K.L.:
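Below is the structure I would like to discuss, written out as structure tokens.
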Amino acid sequence: MRILQVTADYYPKIGGVERHVRSISDQLAGLGHDVVVATMTGNSDGRTVELLGGVRVRRFGSFGLGPAYRLPVGLTDYLRCARAHDRFDVIHVHNYHTAMLPVVAASRPRCLVVTTHLNDRAHSRAADVLHYPYTPVGRWSLSRASAVICVSLAERQRVLTRFRLAPERVLVIPNGVDVARFQAMAAGSARDPSLLLVAGRLEAYKRVDQVIDVLALLPNRFRLVIVGDGPMRLSLQEQVAALGVAGRVTFTGQVSDPQLIAWYRRANVVVNLSSAEAFGLTVIEAISAGCQVVCSNIPAFGELAQRFPDRITTVPSGDRHSLAAHIMSAARRASIRPVDLSDFGWDAVARCLEDVYLRVAGTNRLRPNSEVRQCAS
């Protein structure tokens, strides 16, 4: 099949969506499909084309308001030409929160698939304001899709409630993890029983400040490593200094994938108190690496906790003493044999996507009672 993946950002930028699109593109190319990625650069300069592995990447210039609502320069003409030449069997847009979605939908592609990655918590005040006028445009764009893919059952429920789409067109295929790599690198690692890890972008809704607050309640032997960067970093560093725990907290900034896995190998407990997520990527990464996880009790994390109760503990936010007790309990927990994460491997995710593509490309629509399998239970 000829497949176009459309994403606002792509490798070498680091992020969950960027990693997702790169991984599935590589896997689909490995399955013999012709895969092209259309993405944006950070300026309005002309387009560039490069080959990364078996995937062609077209980078379009961009302009607009902030990272979420940039518009690609030249993508409309490219899609119009592609449609005229019937170049792609499927166009797959990633992330509802990007202006590339309505641009693609307006081009009337032969077959449109959308993975929403729906996060109702805006990353900034400007993005929060733009959510309101964007909603009818986003709803119309999703109505044009042959299939809408969510990464968890919790996200699917939000999508169905918010956009009133036909249920048979809204599927669940989880985000993936390089399970074999995580487990191989974690095997035989010597963990620090008092090392806590937080990994992710430093945004307010991630509630890293609550993890720092709890650290002050824990015995002095506990240390916290915060991997990632973002607008909250300075205020978090000021909080660390004010609480007198500067000697127990390390800010690494953004790190490479091998460096991130190395931190997972060393940490005993991974903490994620995010207030809104479509999927628990760091949660799956952590248990792939053999860590215990303490996380907030949001629906996406709750799904994973039900499936992996020996590895994941969910706690309500706001009770610092209860959270501290759960972290200490998780830190004492003995190592447990590896869990079955085969459903979350990139090969399994790519096969599920291939299944969806083949079905909708032939019909341009998923039928009621379709046999396309939901790849997350």
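Note that the structure is predicted; figures quoted are calculated from it, not measured.
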K.L.:
Would you indicate whether the side-chain heavy atoms of V148 and T115 approach each other to under 4.5 Å?
P.N.:
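Counting from C-beta outward, T115 and V148 never come under 4.5 Å.
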K.L.:
Supply the atom-to-atom distance L195 CG to R265 CZ, rounded to the nearest 0.5 angstrom.
P.N.:
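Rounded to the nearest 0.5 Å, the CG-CZ separation comes to 13.5 Å.
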K.L.:
Mind checking whether Y134 and V93 sit in one hydrophobic cluster, side chains of I, L, V, M, F, W, Y counted as touching below 4.5 Å?
P.N.:
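In one cluster with Y134: V93, yes.
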K.L.:
Would a 4.5 Å heavy-atom cut-off, applied to side chains only, mark V208 and L273 as touching?
P.N.:
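No, every pair of side-chain atoms sits at 4.5 Å or beyond.
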K.L.:
Between C291 and R191, what is the shortest heavy-atom contact and its length?
P.N.:
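Shortest heavy-atom contact: SG-NH1, 3.6 Å.
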K.L.:
Quick one: does any side-chain atom of S288 pair with a main-chain N or O of V179 as donor and acceptor, under 3.5 Å?
P.N.:
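Here the side-chain-to-backbone pair does not exist.
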K.L.:
Please examine the side chains of M40 and L75, heavy atoms only from C-beta on, and report whether any two atoms are closer than 4.5 Å.
P.N.:
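Side-chain contact under 4.5 Å: no.
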K.L.:
Nearest 0.5 Å please: distance from the CG atom of D343 over to the CD1 atom of I284.
P.N.:
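Interatomic distance, D343 CG to I284 CD1, rounded to 0.5 Å: 10.0 Å.
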K.L.:
Do the side chains of L236 and L217 join up, straight or via other hydrophobic residues, at under 4.5 Å, putting them in one cluster?
P.N.:
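Cluster IDs for L236 and L217 differ.
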K.L.:
Could you check whether any side-chain N or O of R311 sits under 3.5 Å from a backbone N or O of V293, counting only pairs where one atom can act as donor and the other as acceptor?
P.N.:
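Side chain of R311 to backbone of V293, a donor-acceptor pair under 3.5 Å: no, none is there.
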K.L.:
Would you check if I149 and V114 make a side-chain contact, meaning some heavy-atom pair closer than 4.5 Å?
P.N.:
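Heavy-atom side-chain distance check fails, nothing below 4.5 Å.
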K.L.:
Stepwise, does the salt bridge (charged side-chain N to carboxylate O under 4.0 Å, His left out) test hold for D355 with R359?
P.N.:
CA-CA 6 Å; D355 191 13; R359 290 176 181 271; 3.1 Å; yes
K.L.:
How many angstroms lie between CG in L202 and CZ in F251, if you round to the nearest 0.5 Å?
P.N.:
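If we round to the nearest 0.5 Å, L202:CG and F251:CZ are 7.0 Å apart.
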K.L.:
Hey, is CZ on R164 packed in by over 12 heavy atoms from elsewhere, all under 6.0 Å?
P.N.:
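At most 12 heavy atoms, drawn from other residues, nucleotides or ligands, come within 6.0 Å of this atom.
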K.L.:
Scan K206, R207, R201 and name whichever one has a salt bridge (Lys or Arg N to Asp or Glu O under 4.0 Å) with E203.
P.N.:
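Among K206, R207, R201, the one that satisfies the salt bridge (Lys or Arg N to Asp or Glu O under 4.0 Å) with E203 is R201.
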K.L.:
Following the transitive rule for hydrophobic clusters with a side-chain heavy-atom cut-off under 4.5 Å over Ile, Leu, Val, Met, Phe, Trp and Tyr, establish whether F222 and V245 coincide in one cluster.
P.N.:
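Yes; V245 is reachable from F222 via cluster members.
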K.L.:
Between Y96 and F163, does the ring centroid distance fall short of 6.0 Å?
P.N.:
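Yes, close enough.
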K.L.:
Kindly give the heavy-atom pair with the smallest separation between G318 and Q210, and that separation in Å.
P.N.:
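For G318 and Q210, the tightest heavy-atom pair comes out as N-OE1, 3.9 Å.
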K.L.:
Mind checking the CD-OG1 spacing from E303 to T314? Nearest 0.5 Å is all I need.
P.N.:
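Answer rounded to 0.5 Å: 12.0 Å.
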K.L.:
Would a 4.5 Å heavy-atom cut-off, applied to side chains only, mark I173 and V151 as touching?
P.N.:
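No - every pair of side-chain heavy atoms lies 4.5 Å or more apart.
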K.L.:
Test side chain to side chain contact (heavy atoms under 4.5 Å, CB included) on Q157 and L153 and set out the steps.
P.N.:
CA-CA 6 Å; Q157 185 57 50; L153 292 169; over 6 Å; no
K.L.:
Under 3.5 Å, is there a donor-acceptor pair between the side chain of S235 and the main chain of M232?
P.N.:
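Pair found, side chain donor or acceptor close to backbone of M232.
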K.L.:
Please identify which of these residues, L112, V113, L358, meets the side chain to side chain contact (heavy atoms under 4.5 Å, CB included) condition with V90.
P.N.:
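It is V113, the one option of L112, V113, L358 that forms the side chain to side chain contact (heavy atoms under 4.5 Å, CB included) with V90.
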K.L.:
Please round to the nearest 0.5 Å and tell me the distance separating atom CD1 of I24 and atom CZ of R351.
P.N.:
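So the gap between those two atoms works out to 14.5 Å.
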K.L.:
Show your reasoning for whether side chain to side chain contact (heavy atoms under 4.5 Å, CB included) applies to N272 and V198.
P.N.:
CA-CA 6 Å; N272 189 332; V198 168; over 6 Å; no
K.L.:
Please evaluate residues I327 and L323 with respect to the criterion side chain to side chain contact (heavy atoms under 4.5 Å, CB included), reporting the C-alpha separation (whole Å), side-chain torsions for both, the decisive distance (0.1 Å), and the verdict.
P.N.:
CA-CA 6 Å; I327 289 175; L323 177 58; 4.1 Å; yes
K.L.:
Okay, side chain of D319, backbone of S322: is any donor-acceptor separation there less than 3.5 Å?
P.N.:
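Between the backbone of S322 and the side chain of D319 there is a qualifying donor-acceptor contact (under 3.5 Å).
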K.L.:
For Q5 and S25, work out which heavy atoms get closest and say how close.
P.N.:
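Minimum heavy-atom contact is CG-OG, 3.5 Å.
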K.L.:
So, do I312 and Q292 sit near enough that their side-chain heavy atoms are less than 4.5 Å apart?
P.N.:
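Result no, sub-4.5 Å side-chain heavy-atom pair not found.
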K.L.:
What I want to check is whether the side chains of E18 and Y11 have a donor and an acceptor closer together than 3.5 Å.
P.N.:
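Absent: no donor and acceptor within the cut-off.
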K.L.:
Answer yes if the side chains of Q259 and S256 hold a donor-acceptor pair under 3.5 Å, and no otherwise.
P.N.:
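Side-chain D/A pair, Q259 to S256: present.
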K.L.:
Where do A105 and W140 come nearest, in terms of heavy atoms and distance?
P.N.:
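Smallest heavy-atom distance, with atoms named: CB-CZ3, 3.7 Å.
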K.L.:
Following the transitive rule for hydrophobic clusters with a side-chain heavy-atom cut-off under 4.5 Å over Ile, Leu, Val, Met, Phe, Trp and Tyr, establish whether L224 and V227 coincide in one cluster.
P.N.:
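L224 does not cluster with V227.
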K.L.:
So do Q237 and V249 actually touch side chain to side chain, heavy atoms under 4.5 Å?
P.N.:
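A side-chain contact is absent here, since even the closest heavy-atom pair is not under 4.5 Å.
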K.L.:
Pick from R59, R22, R70, R19: which one makes a salt bridge (Lys or Arg N to Asp or Glu O under 4.0 Å) with D9?
P.N.:
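Result for salt bridge (Lys or Arg N to Asp or Glu O under 4.0 Å) with D9: R70.
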K.L.:
Look at the rings of F88 and Y78 and say which category their plane angle falls in: under 30° parallel, 30 to 60° tilted, over 60° perpendicular.
P.N.:
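The arrangement is tilted - the two ring planes meet at 30° to 60°.
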K.L.:
Might you point out which heavy atoms bring V104 and P109 nearest each other, and give the distance in Å?
P.N.:
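It is O-CD, 3.2 Å.
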K.L.:
Run D310 and R333 through salt bridge (charged side-chain N to carboxylate O under 4.0 Å, His left out) and show every step you take.
P.N.:
CA-CA 9 Å; D310 293 334; R333 206 163 298 161; over 6 Å; no
K.L.:
In terms of side-chain heavy atoms, does Q27 have a donor or acceptor partner in S23 at a distance below 3.5 Å?
P.N.:
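Side chains of Q27 and S23: no pair found under 3.5 Å.
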K.L.:
Centres of the H97 and H117 rings: under 6.0 Å?
P.N.:
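Distance test on ring centres: not under 6.0 Å, no.
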K.L.:
Between R221, R223, R266, which is the residue that forms a side-chain hydrogen bond (donor to acceptor under 3.5 Å, both in side chains) with D192?
P.N.:
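Running side-chain hydrogen bond (donor to acceptor under 3.5 Å, both in side chains) over R221, R223, R266 with D192 returns exactly one hit, R223.
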K.L.:
Testing the basics here: between V37 and T7, what is the closest heavy-atom pair and its distance to 0.1 Å?
P.N.:
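Looking at all heavy atoms of both residues, the shortest contact is CG1-CG2, 4.0 Å.
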K.L.:
Run the salt bridge (charged side-chain N to carboxylate O under 4.0 Å, His left out) check on D34 and R2 step by step: do they pass?
P.N.:
CA-CA 5 Å; D34 181 8; R2 296 159 297 179; over 6 Å; no
K.L.:
Check for a donor-acceptor pair, side chain of H20 on one end and backbone N or O of N175 on the other, with a separation under 3.5 Å.
P.N.:
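Such a contact is absent between H20 side chain and N175 backbone.
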K.L.:
Does the side chain of T282 come within less than 4.5 Å of E285's, by heavy atoms?
P.N.:
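When only atoms from C-beta onward are counted, T282 and E285 do touch, with a gap below 4.5 Å.
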K.L.:
Would you kindly say whether E277 and S274 are connected by a side-chain donor-acceptor distance under 3.5 Å?
P.N.:
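S274 and E277 do have a side-chain donor-acceptor pair below 3.5 Å.
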K.L.:
To the nearest 0.5 Å, tell me how far L4 CG sits from L79 CG.
P.N.:
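Those atoms lie 6.5 Å apart.
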K.L.:
Run the numbers on I226 and T252 for side chain to side chain contact (heavy atoms under 4.5 Å, CB included), then give the verdict.
P.N.:
CA-CA 6 Å; I226 300 174; T252 71; over 6 Å; no
K.L.:
Answer yes if M100 and V73 sit in the same cluster of Ile, Leu, Val, Met, Phe, Trp and Tyr residues linked by side chain heavy atoms under 4.5 Å apart, and no otherwise.
P.N.:
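Yes, one cluster joins them.
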K.L.:
Judged by atom type as modelled, is there a donor-acceptor pair below 3.5 Å linking the side chain of N268 to the main-chain atoms of A331?
P.N.:
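Flag set: sc N268 to bb A331 pair under 3.5 Å.
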